[in-house]
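Side-chain atoms are counted along with the backbone in the values below, which use heavy atoms only and exclude waters and symmetry mates. Start at 1 with the first residue, then count along the sequence.
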Amino acid sequence: MKESYNGEDVLIKDVEVQGRRVNIKVEGGRFAAIGEEAGGEADVVIEGRGAVALPGLYNTHTHAAMTLLRGYADDMLLQAWLSEKIWPLEAHLTGEDVYWGTQLACLEMIRSGTVGFNDMYFFMDEAARAVDKMGMKAQLAYGFIDLFDEEKREKEIKATEALVSSIQAMNNPGIKAAVGPHAVYTVSEEGLSWCAEFSRQQNIGIHVHLAETEQEVTDCVAKTGVRPTQVLDRCGLLTPRTVAAHCCWLDSDDCALLGDRGVFASHNPTSNMKLAVGRAMPYGLLKERGAGLCLGTDGCSSNNNLDMFEEMKFAALLQKFFWHSPTILPAGEALAMASANGAEALGFKGGRLEVGAPADLVLLDRRAACNTPLYNAVSNAVYACNGGAVTTVLCDGRVLMQDGVVPGEAEVLDGARQAIAGLLERHQASVSE
């Protein structure tokens, strides 16, 4: 897909940016001009017809290939959901499954305006292959889980090293490697410390789950004498390269620590509400303490989609509801979390509609019901629209979707369906034995 537009200049005519009708010129993958005067020759010309132009979105926490598990198990208690349904099915995943599941995730994200994402899962070399084919940007981490066992830890170390080498060999600046220590309750402090040091040596990102449930915090204090945030800190995992997902059960000191270390907290409201974790991420405290703030969907087993427009709305509404404040997390901040903040969290320069910035761009249909009337384009984007209003998507200047058409969509859907059928067949065979 990406080869179709690689290196081509693009002219987007007649779109709305911050209330003005303008043209946008893209050259060399970057915004070259934004204004009424922007024009000239271009390899690709897109008629905007007054569409609302927004920066491309970044999903900072997901498990992309879990698209294959969408709807497989819902409305269950968290531990039963994991141990009885998700983990037994995941045990039969293959690299080919992850390849097609990740392509399916990319297709869904492109269709809903996402250009880059932060992923933690298994067979991540196959995930990288899928991202490369689909033309998106991603930070990819192998899910490091040693279960406090030294032999398993050595295997996880080797798997992490192999993934990092594989991604670096791709030489694709849009695909970054990261370390992915799952959480304090699945990774030993020796494993956490190794991940921190390897990340420092390689200058790569860190992707970790943090304080998702009250039980996680309670158990950690009982076992170690300190809270999960302090465990991560003493192991060296809290850095400006760190994206910590969920962060629901942080206290004031935790928020201050994340702010001091420059950590990005990824808010995952839909997943947290669906799994009933009982508390909303303390957005106000984290903002006050200077932590980075971004947004993610989590995987399709606990969401059940990858629509960042829905996630912006749920984030804003959950914060207002839980913290009893209609003014907390206004629409403009929600959009920033999903775009520029998300790009920064993953070490990319995109997510901004500015001359010179990488050309990450989303067009929303001006004629859609959710954009009628159009008093405030940002308000509509966050509170009224969902990903179905997206018509066109550019990532680093590459046209990934134009007027609702994503090249290769049928192939991706067919491949994903075949992968799902094979996965279920292998699982059923193991149950029957």
Side-chain angles (χ1 to χ4, degrees), residues 59-63 78 82 118-121 139 141-146 148 178-189 191-196 199 205-273 275 277-287 289-299 302 315 318-319 322 337 341-342 345-346:
N59 185 344
T60 56
H61 177 61
T62 192
H63 311 288
L78 176 58
L82 285 170
N118 191 30
D119 198 26
M120 176 199 294
Y121 210 49
Q139 177 173 269
Y142 171 78
F144 188 111
I145 299 174
D146 68 12
F148 308 92
V179 295
H182 179 264
V184 297
Y185 56 90
T186 51
V187 185
S188 65
E189 291 201 29
L192 295 173
S193 297
W194 181 88
C195 287
S199 166
I206 298 166
H207 186 183
V208 63
H209 298 82
L210 174 61
E212 182 175 4
T213 66
E214 185 177 22
Q215 191 70 45
E216 174 187 336
V217 176
T218 302
D219 289 350
C220 184
V221 171
K223 182 178 179 180
T224 69
V226 297
R227 296 170 61 84
T229 306
Q230 294 166 286
V231 172
L232 294 185
D233 191 48
R234 72 187 183 194
C235 291
L237 280 169
L238 299 186
T239 78
R241 303 185 313 281
T242 303
V243 175
H246 301 296
C247 296
C248 300
W249 288 87
L250 302 181
D251 65 12
S252 180
D253 289 341
D254 293 329
C255 293
L257 186 55
L258 263 59
D260 289 344
R261 300 291 186 262
V263 173
F264 281 86
S266 178
H267 190 17
N268 315 134
T270 307
S271 174
N272 294 152
M273 287 190 288
L275 295 175
V277 302
R279 192 170 188 260
M281 186 183 87
Y283 175 84
L285 270 177
L286 285 163
K287 179 183 176 184
R289 302 294 188 175
L293 293 159
C294 50
L295 201 58
T297 59
D298 210 343
S302 61
L318 175 60
Q319 289 297 319
F322 190 87
M337 288 174 73
N341 292 13
L346 305 186

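Side-chain atoms of S266 and N268 form a donor-acceptor pair, as typed in the model, at a separation below 3.5 Å. For the residue pair H246 and N272, a side-chain donor N or O sits within less than 3.5 Å of a side-chain acceptor on the partner. There is no side-chain donor-acceptor pair under 3.5 Å between T60 and N118. A donor-acceptor contact closer than 3.5 angstrom links the side chains of T297 and N59. Side-chain contact check for R234 and S193: no donor-acceptor pair (N or O, by modelled atom type) lies under 3.5 Å.
Closest heavy-atom contact between A244 and C247: O-SG, 3.4 Å.
Annotation: side chain of V208 is not in contact with side chain of H182 (no heavy-atom distance under 4.5 Å). Taking the side chain as every heavy atom from C-beta outward, H63 and M120 approach each other to under 4.5 Å. At least one side-chain heavy atom of F144 sits less than 4.5 Å from a side-chain heavy atom of W194. Residues P269 and L295 meet the side-chain proximity criterion, which asks for heavy atoms closer than 4.5 Å. M281 places a side-chain heavy atom less than 4.5 Å from the side chain of L286. With a 4.5 Å cut-off on side-chain heavy atoms, L237 and P181 count as touching. The closest side-chain heavy-atom distance from V184 to E216 is below 4.5 Å.
Using the six-membered ring where Trp is involved, H207 and H209 have ring planes that are parallel, under 30° apart on the 30 and 60° scheme.
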For this session: Applying side-chain hydrogen bond (donor to acceptor under 3.5 Å, both in side chains), run through S188 and D146 and close with a yes or a no.
Result: CA-CA 7 Å; S188 65; D146 68 12; 2.7 Å; yes
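Within the structure, ring pair (Phe, Tyr, Trp, His ring centres under 6.0 Å) pairs that include any residue of residues 249-271 do not occur (at least two apart or interchain).
Remark: T239 pairs with T242 by the side chain to side chain donor-acceptor pair (under 3.5 Å) rule, at least two apart or across chains.
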